[in-house]
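Naming convention: chains lettered A, B, ... in sequence-line order (proteins, then strands); numbering from 1 in each chain. Values in this document were obtained by computation on a predicted structure and should not be read as measured data.
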Amino acid sequence: MNKKGKGRAGRKGVLPGFGLSLGFTVFYLSVLVLLPLSTIFINTAGMGWEKFFKTIFDPRVVASYKLSFGSSLIAGGINTVFGILLAWVLVRYQFPGKKLIDGLVDLPFALPTAVAGIALTTLYVPDGWIGRFLGFKVAFTPLGVIIALTFIGLPFVVRMVQPVLQNLEPELEEASASLGAGRAQTFWRVIFPELLPAALGGFALAFARSLGEYGSVVFISGNMPMKTEITPLLIMTKLEQYDYAGATAIAAVMLVISFILLLVINLLQWWSNRRYLEN
Amino acid sequence: MAGHVPMTYGETSVSRKTVKGGSPLIKWAAISAALGFLLLFLVLPLMAIFVQAFEKGLAAYAAAVSDKDALSAIKLTLIVAAISVPLNAFFGIAAAWAITKFHFRGKNLLMTIIDLPFAVSPVIAGLIFVLMFSSHGLFGDFLFRHDLKIIFALPGIVLATIFVTLPFTARELIPLMQSQGSAEEEASMTLGAGGFQTFWRITLPNIKWGLLYGIILCNARAIGEFGAVSVVSGHIRGMTNTMPLHIEILYNEYQFSAAFAVASLMSLLAIATLVIKSLLERAGKEQAGIKELKE
Amino acid sequence: MEKIGKQARLLLAAAGVLVLMLAGCSAGEKSSSGEKKEAGEAKRTVQLLNVSYDPTRELYENYNKEFAAYWKDKTGQDVTIQQSHGGSGKQARAVIDGLQADIVTLALAYDIDEISKAGGLLSSDWQSKLKDNSTPYTSTIVFLVRKGNPKQIHDWDDLVKKGVSVVTPNPKTSGGARWNYLAAWAYADKKYNHDEGKTKDFMKKLYKNVEVLDSGARGSTTTFVERGIGDVLIAWENEAYLSLNELGKDKFEIVNPSLSILAEPPVAVVDKISEKKGTEKVAKAYLEYLYSAKGQEIAAENYYRPRNQEVFKKFKSQFPSIEMVTVDKDFGGWKKAQEDHFSDGGTFDQIYQPK
């Protein structure tokens with residue numbers, strides 16, 4: 001350790017284990033994440049640009065992007081609105097059963113996606129508990145996909161906004177109120193801007209998760225090509241048709257999108273933290 | 001990343017109650033809207049599982065969960081979790097230690113890579129291991145010659161599970177250890193304690209609740225993973241079917257109440273996870289509170 | 001992080017050991033079956049893996065018990081047969097990718113051809129190794145409708161009418177769906193006197209009426225039967241009977257179209273894998289026993305049409321006579337049918353339009 005203490009260990013050079021822990025981290029990630037993921041690009045590289053573009057812009061594939069993006073956006077939007085509402089209710093109000101509700105919010109993290117999928121399908125089929133009261137079809141339509149993705153992404157915004165709301169300085173609101181601002185005004189002008197970075201972060205997380213979701217969606221979507229076929233399912237379908245090149249090409253597109261999303265999320269989190277520290 | 005945002009900003013909660021709740025009308029409207037949403041999306045699905053599971057009575061339920069294939073699916077799921085969760089927990093500690101106790105370039109990139117499995121579709125998580133280990137994959141020839149089975153066997157399922165659950169503990173520990181700083185460890189070192197001793201005596205007690213919390217989340221996901229495992233499993237009954245895959249099979253065999261019976265078992269596990277989780281959260285907060293008082 | 005410290009190197013080695021241990025699990029598993037191989041027939045138990053398609057679950061569940069008893073009786077050896085079920089194409093892929101199947105029993109010959117071609121796991125003449133094109137039982141394609149036949153569906157023509165909602169799986173992934181597609185095609189082809197344009201129009205209308213396109217035959221049945229979607233399910237005859245008996249005769253009816261297709265789901269021993277595992281003998285016997293009177297009866301009991309005429313006669317009431325085309329005669333074999341209709345750019349891609 002002493003040997004390399006000269007460089008970047010710098011200020012905190014007292015503590016040991018830098019090489020050990022970082023070495024293991026990098027090794028573990030390389031073997032289990034980077035190497036496996038690189039196979040996608042290795043396999044795609046072999047197929048040539050022309051074929052690659054033909055595959056990833058095939059009408060059926062494009063339709064699946066639209067569905068995956070569209071329904072993830074809508075589900076994320078629903079979750080942002082209700083997520084902020086839920087966080088607000090859980091932080092600001094007292095009511096019986098609040099602890100239970102608070103715990104329940106995390107259910108989508110803990111419940112296996114396949115279980116969620118069959119449960120939601122059972123509810124939303126035409127003669128299901130909820131489906132029978134609706135005048136329109138939900139299961140086996142894009143609406144069903146949105147429902148499943150809303151379930152999957154539910155906790156993210158709540159859990160991101162909650163701590164920010166909790167740590168919000170009450171003085172800020174009091175000051176706003178004493179300056180004559182109405183309640184709505186106070187919310188939109190004072191509270192909302194504080195919540196925004198966290199809410200956006202939560203939205204981005206939910207969105208990223210929804211894009212790749214498979215287990216819960218396949219049961220409820222009906223899997224109609226061009227209509228209710230999400231991109232991960234299309235990858236699965238290509239695999240089942242021995243079309244490895246096609247499957248990996250689409251996977252490569254999704255991977256790049258995932259990576260960009262992650263960078264955005266990290267940026268948002270950084271923004272959120274900075275905002276907080278500035279106050 | 002795992003959804004839980006730890007209280008990084010050590011503010012205390014004394015002054016919070018001074019904020020007025022507002023008019024009761026708005027309050028109850030907001031509460032009912034929020035609860036209605038939860039009812040529709042969380043409570044009803046959960047209820048549906050249990051109602052369907054017991055539709056054919058207790059005996060059918062017992063038969064479904066004690067079926068030979070169901071038992072072997074449960075066993076396999078537990079084995080997979082027992083291998084992948086400790087590995088990822090160990091990784092989480094190492095990664096958090098490196099990231100929070102030292103300065104180095106590329107830290108942000110490293111953290112983004114740790115998050116990557118979370119954003120990658122489970123289907124892709126399965127696909128990459130097929131591309132590596134299938135007969136036509138990168139190592140296909142080597143495996144065939146040495147008669148090693150990775151995919152369509154336990155190792156493949158474990159690998160896919162490790163991949164999918166990799167970020168959980170690391171993501172729990174990094175913010176926690178960041179907020180705690182390294183002053184205590186540094187003090188311990190200057191007082192002459194060894195590195196290992198310092199970790200064992202100082203760091204571990206400080207992070208134990210966060211660590212457990214991460215392990216619990218990691219475990220829940222490991223047990224429930226469907227997409228990735230489905231790609232690499234081969235679906236051999238009684239051998240490479242995990243619980244979620246077994247549910248799918250039962251569902252496809254018209255054995256709906258049996259499928260829901262096993263699903264209800266998994267839901268119970270999920271509920272237990274949530275209970276343990278909130279207990280841990282409370283314990284973590286208390287610990288932080290005591291610390292603050294002492295100071 | 002230019003150089004990794006000494007401790008780190010140590011840890012790297014430790015991590016390496018961990019990964020190797022993981023692989024070791026499989027090696028351990030393997031060595032036990034390796035022993036089996038050395039000891040050969042003398043070994044008391046042997047394991048077979050039968051990789052099959054969706055609707056055969058019940059058939060092989062029954063047959064495996066029967067065969068295990070027969071084999072024990074004949075050789076004194078215990079045999080346990082493991083099953084894996086899924087969409088036919090998906091199952092073939094798994095075998096090509098390394099799923100250690102001793103036996104494949106799939107929905108159509110094309111999928112086994114693919115294992116032979118892409119995987120090189122069995123010889124290309126596999127289909128001549130057993131009787132009747134290596135197809136011990138056949139089936140056909142029929143309609144399942146709701147009780148009382150409210151939409152008055154009697155033949156293929158009724159499926160393209162406005163307002164009729166059809167459920168069939170996706171021919172790209174499901175073997176059964178390909179039989180469905182070809183049966184409809186054969187009907188239209190005959191009706192329009194081989195006018196391909198009109199036939200395609202017919203198919204276009206038919207698939208416009210498809211409400212849910214599941215990825216496998218079993219998924220479609222579930223959608224129709226349990227979810228209550230659609231007016232008619234195009235299904236394997238055996239699958240239709242099974243749903244009728246499992247889920248209520250008071251809910252559904254079977255309708256036989258005027259023309260259908262002889263569906264031949266073939267079986268084969270995966271030579272390379274069974275040789276490696278040392279299971280050739282029992283694997284071959286397993287498939288041959290399907291042709292025995294007992295095996296044929298089990299097939300018939302599970303609503304597959306037996307090849308054995310005597311057994312067929314016994315179950316005659318169960319199998320109405322339907323005029324049937326065959327893939328070999330009317331579509332030039334599976335290879336050609338696959339290329340014409342189901343490959344990328346084939347007729348299915350041409351006719352399939354989203355609503």
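Nearest heavy-atom pair across A:Pro36 and B:Met132 is CA-SD, 3.4 Å. Of all heavy-atom pairs between B:Leu127 and A:Ala247, the closest is CD2-O, 4.2 Å. For the residue pair A:Tyr124 and B:Leu40, the shortest heavy atom distance occurs at OH-CG, 3.8 Å. Across every non-hydrogen atom of B:Leu274 and A:Asp106, the tightest pair is CD2-CB, 3.5 Å. Here the closest heavy-atom approach between residue B:Gly227 and residue A:Tyr214 is recorded as CA-CD2, 3.7 Å. In this structure, B:Ile49 and A:Ala119 approach most closely via the heavy-atom pair CG1-CB, 3.6 Å.
A heavy-atom distance below 4.5 Å is found between the side chains of B:Leu166 and A:Tyr28. Considering only heavy atoms from C-beta on, A:Leu205 comes within 4.5 Å of B:Phe118 through its side chain. Between A:Pro232 and B:Ile124, the closest side-chain pair of non-hydrogen atoms is not below 4.5 Å. Using a 4.5 Å cut-off on side-chain heavy atoms (C-beta onward), A:Trp129 and B:Val51 make contact. Counting only heavy atoms from C-beta outward, the side chains of A:Asn79 and B:Phe37 approach each other to under 4.5 Å. B:Phe91 has its side chain within reach of A:Leu29: a pair of non-hydrogen atoms, C-beta onward, lies under 4.5 Å apart. The closest side-chain heavy-atom distance from A:Leu86 to B:Leu38 is below 4.5 Å. A heavy-atom distance below 4.5 Å is not found between the side chains of A:Ser21 and B:Lys101.
Of the two parts of A:Lys99, only the side chain, counted from C-beta on, holds a non-hydrogen atom closer than 4.5 Å to a non-hydrogen atom of chain B. Heavy atoms closer than 4.5 Å to chain B are found in both the backbone and the side chain of A:Leu37. Using a 4.5 Å cut-off between heavy atoms, B:Pro117 contacts chain A through its side chain alone, with no backbone atom that close. For A:Gln162, no part lies under 4.5 angstrom from a heavy atom of chain B. Residue A:Thr121 touches chain B through its side chain alone, counting heavy-atom pairs closer than 4.5 Å. Heavy atoms closer than 4.5 Å to chain A are found nowhere in B:Ile99, neither backbone nor side chain. Heavy-atom distances place both the backbone and the side chain of A:Ile147 under 4.5 Å from chain B. Looking at B:Glu225, neither its backbone nor its side chain comes within 4.5 Å of chain A, counting heavy atoms on both sides. At a 4.5 Å heavy-atom cutoff, A:Phe207 makes no contact with chain B through either its backbone or its side chain. Contacts of A:Thr113 with chain B are made by both backbone and side-chain atoms, with heavy-atom separations under 4.5 Å. A:Ile118 touches chain B through backbone and side chain together, each having a heavy atom under 4.5 Å away. Looking at A:Ile130, the atoms closer than 4.5 Å to chain B (heavy atoms on both sides) all sit in the side chain, from C-beta outward. With a threshold of 4.5 angstrom between heavy atoms, B:Leu44 approaches chain A through its backbone and through its side chain. In this structure, chain B has no heavy atom under 4.5 Å from any part of A:Leu261.
Of all the listed residues (A:Ile235, A:Leu120, A:Val33), the one sharing the greatest number of non-hydrogen pairs under 4.5 Å with chain B is A:Val33.
Remark: A:Thr122 OG1 to B:Phe260 CZ distance equals 3.0 Å, nearest 0.5 Å. Taking CD1 of B:Ile271 as the start and CG of A:Leu107 as the end, the distance is 7.0 Å to the nearest 0.5 Å. Of the inter-residue distances, the one linking B:Leu131 atom CG with A:Ile42 atom CD1 reads 9.5 Å to the nearest 0.5 angstrom. To the nearest 0.5 Å, atom OG1 of residue B:Thr112 and atom CD1 of residue A:Ile265 are 10.0 Å apart. Taken from CG in A:Leu32 to CD1 in B:Ile128, the straight-line distance is 9.0 Å, to the nearest 0.5 Å.
Classified by interplanar angle (parallel below 30°, tilted 30° to 60°, perpendicular above 60°), the ring pair A:Phe219/B:Tyr251 is perpendicular. A perpendicular orientation is assigned to the rings of A:Phe95 and B:Trp28, their planes being inclined by more than 60° (bins at 30° and 60°).
With hydrogens and angles ignored, the 3.5 Å screen pairs no side-chain donor or acceptor of B:Lys27 with any backbone N or O of A:Arg92. A distance-only check finds a donor-acceptor pair linking the side chain of A:Ser258 to the backbone of B:Ala119 [under 3.5 Å].
Remark: aromatic rings of B:Phe41 and A:Phe82 are distant, center separation not under 6.0 Å.
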**Report entry** Residue pair A:Leu15, B:Glu186: steps toward the side-chain contact (heavy atoms from CB on, under 4.5 Å) verdict
**Finding:** CA-CA 6 Å; A:Leu15 293 181; B:Glu186 278 163 21; 4.2 Å; yes
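Within the structure, salt bridge (charged side-chain N to carboxylate O under 4.0 Å, His left out) contacts touching residues 28-47 of chain B (residues at least two apart or in different chains) do not occur.
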